[in-house]
Structure formats: structure tokens, C-alpha cells
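Report on the structure given below.
Keep in mind that the numbers below use all heavy atoms, side chains included, and drop hydrogens, waters and symmetry copies. As the structure is a prediction and not an experimental result, all values here were calculated from the model. Heads up: numbering here begins at 1 and tracks the sequence.
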Amino acid sequence: MDIVDEMALAFIVLIRSGAVLRIVYCFISIASDEEQAATYKKRIKNTIMFYILAESVYVIRDIAMHYYG
């Protein structure tokens, strides 16, 4: 069970850092290319939605592990 928890924590760290880096990249791209600003804003929105969904999956997993484990 410890391996599963360690893997979950590793994935959470990767998801968080990846989402933050993607958002920073999009903001930098908006600053350099204002013609594509709408596209990068949509990418930022999609990244935030992915982050919320991914965090929700791990919260549901934690609840299930607490309830059944």
C-alpha cells in the first residue's frame, strides 16, 4: 500500500508542476505574440480544467481508500 501512496504523491507533484509550467509558458507566449492571445487563453483555461479534474480524481481515490481500506 505504501508504493501506491508514493506513486500517487509523485503523480500529484508532476501534475501540479506541469500545470504551473504550462500556464507560465502560455502567459509568456501571450506577451510575445498578441495575435494568438485568444488561443493561449483557451489553452490556459483547458490546463486549469485538467488540473481541477486531476486533483478531483486523487481526492476521490483518497476517499475510497479511506472508506474501504
Side-chain angles (χ1 to χ4, degrees):
M1 194 59 97
D2 292 334
I3 294 173
V4 174
D5 291 333
E6 289 177 14
M7 286 178 48
L9 290 175
F11 282 132
I12 289 171
V13 169
L14 286 173
I15 289 170
R16 288 177 182 169
S17 61
V20 168
L21 290 174
R22 177 72 174 175
I23 290 171
V24 168
Y25 170 76
C26 288
F27 276 125
I28 291 171
S29 297
I30 287 173
S32 66
D33 188 13
E34 294 180 6
E35 294 176 2
Q36 297 281 333
T39 302
Y40 288 114
K41 287 179 184 178
K42 185 176 179 182
R43 289 179 182 170
I44 290 171
K45 183 183 115 185
N46 288 340
T47 303
I48 292 171
M49 289 174 53
F50 165 76
Y51 174 72
I52 291 170
L53 182 64
E55 286 288 329
S56 298
V57 167
Y58 282 104
V59 169
I60 292 170
R61 178 202 158 270
D62 288 340
I63 291 170
M65 294 294 279
H66 177 71
Y67 185 74
Y68 292 114

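- For the atom pair CE of Met65 and CD1 of Ile60, the computed distance is 14.5 Å after rounding to the nearest 0.5 Å.
- There is a path of hydrophobic side-chain contacts, each under 4.5 Å, that joins Ile15 to Met7.
- To the nearest 0.5 Å, atom CZ of residue Arg22 and atom OH of residue Tyr40 are 8.5 Å apart.
- In the displayed structure, Phe11 atom CZ is contacted under 6.0 Å by at most 12 heavy atoms of other residues, nucleotides or ligands.
- Looking only at side-chain heavy atoms (C-beta outward), Ile48 and Ile52 come within less than 4.5 Å of each other.
- The one candidate from Lys41, Gln36, Arg43 that meets the side chain to side chain contact (heavy atoms under 4.5 Å, CB included) condition with Ile30 is Lys41.
- Grouping the Ile, Leu, Val, Met, Phe, Trp and Tyr side chains by contacts below 4.5 angstrom, directly or via other members, places Tyr51 apart from Tyr25.
- Going from atom CG of Leu14 over to atom CG of Leu9 covers 11.0 Å, rounded to the nearest 0.5 Å.
- Residues Leu21 and Phe50 are members of separate hydrophobic clusters, defined by side-chain heavy-atom contacts under 4.5 angstrom among Ile, Leu, Val, Met, Phe, Trp and Tyr.
- In this structure, Val57 is not a member of the same hydrophobic cluster as Val4, with clusters built from ILVMFWY side-chain heavy atoms closer than 4.5 Å.
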